[in-house]
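Quick notes on the structure that follows.
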Amino acid sequence: MATLKAVRGTRDLLPPDTALWNHVEATARAVFARYGFGEIRTPIFEETTLFARGVGEETDIVSKEMYTWEDRGRAEGSSGQSLTLRPENTAGVVRAYIEHKMADTGMLQKLFYIGPQFRRERPQRGRYRQFWQIGAEVLGPAWSGSDSALRDAEVLEMLATFLNELGVKGWKLELNSVGSSTDRPRYLEALREALAPVKHLLCEDNQRRAETNPLRVLDSKEPGDQEIINNLPKIADYLDDASKEHFAQVLAALDACGVPYAINPRLVRGLDYYTRTTFEFTVPDGSGLGTQNALLGGGRYDGLSEMLGGPKAPGIGFAIGEDRLILTLQAQAGEATAKKLDAFIAPMGVAQNALALALAQELRRAGLSVEVGDGSFRLKKSFDAADKLARQMIILGEDEAASGVLTVKNFNKGEQTKVARAELVEALRG
RNA sequence: GCGGCUAUAGUUCAGUGGCAGAACGCCGCUCUGUGGCAGCGGAUGUCGUGGGUUCGAACCCCACUAGCCGCCCCA
């Protein structure tokens, strides 16, 4: 029989790596809490329509990367809903925002999530079919200040703090403004006009993009097309006064907070819902990501709620690729080593097993991390196991059982001492 | 979805048509309550899967699967 394996693009996360995952998630929770974010958990699958309308019918994600299936209908023979494993989480959060009438509180909502997302892409390092995102969204009615540039800057400053707290080295923030929902169509029109006469000079990929998604031509790396691209209209020239002022305010607030950034006029993002501020945090080559150097991305989505049939609720959010963040931390810090237990109890002989387990129970209740050996092991084997797993080893033989005084070996100091059972917890803590 | 590279022991890898290998790790013994060193011994395994060529295939051919790299795209 063929051996069963995790399906393509999915993987198991095992100790000791999971400790790093927990550390990253705990750090995110701690940092986000300081900025007033609360956790939201949305379903892992939603109606397909949500993503089609929210993310955009024409995007690669929706047009070819979703895991979609037809659910069973209620009655025999009736067809069910089309459902989809979530390829991203912003649409789900906004759906929940609308469904639970959060707008009616009149308050700004600050929500974060941590969870798996699914996209059927060709797997690669830093790109999996089930991958984890840590994200956050700030949204609310306009009068809650949700469209304020202060929120953009706050989110970016929070991300800088988060990455610094984790010890990510060399990150770079790139940002741009893609304009409001009225600027963007005007710019797209101008872009199409400018591309029309020169389109035949572009490479095949860019010719296709010029048709389907002209913004994408801008971030093409095709060397032969750079001259044409450089002469295309700039989004900055098509921003109205309000959008320009908004972007200027974001930059001013980042300057005030000392968050370094680089403006990248070519930074466009693939999801249809982005408006005005868009951004990306990248890490340098050699950070374990190959060409997938984008650690996280995000932006403002002032019209998303309305696109989903909700009230006007401007917002800004981001998604961190947790898998990529972990790869970066591992590459920058070296291999993770398992944290050692406080003690290993080595019973000398099976006769001491029961007592050894009772001792382990006592120590564990006191909050110590403890492993128990088996009395049938030779002492040498116990030493080997103990040294790998724990900082200290407790020898429990006939003498110790009778006297109540235990032998404690400290591997770091190389010392061996006799400790009375009543003082054991204290001695092991030291 | 497209192109390239790769797949052999737990791990890292060698092996280009003739007995399946090394290092590290693992287990045992020397050594029944004091390890890490050393000596000796042992097991490593469907050579990714399936087919084909051949007297004979880890090796050559085909298909499939998976991983990696690049493209597309994105976190």
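In what follows, chains are A, B, ... by sequence order, proteins preceding strands, each numbered from 1.
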Sticking with atom C1', work out how far B/rU53 lies from B/rG17, rounded to a whole angstrom.
-> 12 Å
Please work out if A/Arg324 contacts a base, only the sugar-phosphate, or nothing of the nucleic acid, heavy-atom cut-off 4.0 Å.
-> base
Looking across every strand, which nucleic acid part, if any, lies under 4.0 Å from A/Arg120 by heavy atom: base, sugar-phosphate, or nothing?
-> sugar-phosphate
Are A/Gln124 and B/rG67 close enough that a side-chain N or O sits under 4.0 Å from OP1 or OP2?
-> no
At under 4.0 Å, does any side-chain N or O of A/Lys388 touch on OP1 or OP2 of B/rC26?
-> yes
For A/Tyr128, which contact category applies under a 4.0 Å heavy-atom criterion: base, sugar-phosphate, or nothing?
-> base
Hey, is the side chain of A/Arg122 pairing donor to acceptor with the base of B/rG70 inside 3.5 Å?
-> no
Sorted by position of nearest nucleotide on RNA chain B, 5' first, the leading residue of A/Asp60 and A/Ile395 is A/Ile395
Regarding A/Lys381 and the six-membered ring of A/Phe377, is the cationic atom NZ or CZ under 6.0 Å from the ring centre and inside 45° of its axis?
-> yes
Decide, applying a 5.5 Å centre-distance limit and a 30° plane-angle limit (both strict), whether A/Phe383 stacks on B/rG36.
-> no
Hey, does the side chain of A/Arg378 come within less than 4.0 Å of B/rU30's phosphate (OP1/OP2), counting only N and O?
-> yes
Is B/rG39 paired to anything, Watson-Crick or G-U wobble with both distances less than 3.5 Å, and if yes, which nucleotide?
-> B/rC29
If you take atom types as modelled and just measure distance, does the side chain of A/Arg127 reach the base of B/rA75 with a donor-acceptor pair under 3.5 Å?
-> no
So what does A/Gly126 hit on the nucleic acid, given a heavy-atom distance under 4.0 Å: a base, only sugar-phosphate, or nothing?
-> base
d(CE, A/Met66; C1', B/rG1) in whole Å = 16 Å
Name the nucleic acid region contacted by A/Thr59, choosing base, sugar-phosphate or nothing; use a 4.0 angstrom heavy-atom cut-off, strictly under.
-> nothing
Is it true that A/Glu154 and A/Lys110 make a salt bridge, defined as a side-chain N closer than 4.0 Å to a carboxylate O?
-> yes
Starting at the 5' end of RNA chain B, which residue's closest nucleotide do you reach first, A/Leu295 or A/Gly9?
-> A/Gly9
Considering every strand shown, what is the Watson-Crick or G-U wobble mate of B/rG1 when both distances are under 3.5 Å?
-> B/rC71
Do A/Met393 and A/Phe411 have side-chain heavy atoms sitting under 4.5 Å apart?
-> yes
B/rA75, B/rG33, B/rC72: which one has an atom nearest the side-chain heavy atoms of A/Met348?
-> B/rG33
Per the atom types in the model, does the base of B/rG33 pair as donor or acceptor with the side chain of A/Glu400 at under 3.5 Å?
-> yes
Pick base, sugar-phosphate or nothing for A/Glu280, based on heavy-atom distances below 4.0 Å to the nucleic acid.
-> nothing
Between B/rG36 atom C1' and A/Leu389 atom CG, what is the distance in whole Å?
-> 15 Å
Using a cut-off of 6.0 Å, state whether more than 12 heavy atoms not belonging to A/Lys234 lie near its atom NZ.
-> yes
What does A/Lys409 touch in the nucleic acid at a heavy-atom separation under 4.0 angstrom: a base, only the sugar-phosphate, or nothing?
-> base
Any cation-pi pair here, A/Arg129 with A/Phe118, using under 6.0 Å and within 45°?
-> no
Looking at every strand, decide which applies to A/Glu322 at a 4.0 Å heavy-atom threshold: base, sugar-phosphate, or nothing.
-> nothing
Which part of the nucleic acid, if any, lies within contact of A/Asp399, taking any heavy atom under 4.0 Å across all strands shown: a base, the sugar-phosphate backbone alone, or nothing?
-> base
Return the nucleotide paired to B/rA7: Watson-Crick means purine N1 to pyrimidine N3 with N6-O4 or O6-N4, wobble means G-U with N1-O2 and O6-N3, both under 3.5 Å.
-> B/rU65
Have a look at A/Gly297 and say if it touches a base, only the backbone sugar-phosphate, or nothing, with a 4.0 Å heavy-atom cut-off.
-> sugar-phosphate
Expressed in angstrom and rounded to an integer, what is the separation of A/Arg129 atom CZ from B/rG1 atom C1'?
-> 10 Å
Quick one: which of A/Tyr67, A/Trp69, A/Phe51 gives a ring pair (Phe, Tyr, Trp, His ring centres under 6.0 Å) with A/Phe45?
-> A/Trp69
Quick one: label A/Phe411 by what it contacts on the DNA or RNA (base, sugar-phosphate, nothing), any heavy atom closer than 4.0 Å.
-> base
Would you classify A/Glu121 as touching base, sugar-phosphate or nothing, given that sugar-phosphate means primed atoms plus P, OP1 and OP2, and contacts are heavy atoms under 4.0 Å?
-> base
Which nucleotide sits closest to the side chain of A/Leu379: B/rA75, B/rU34, B/rC69?
-> B/rU34
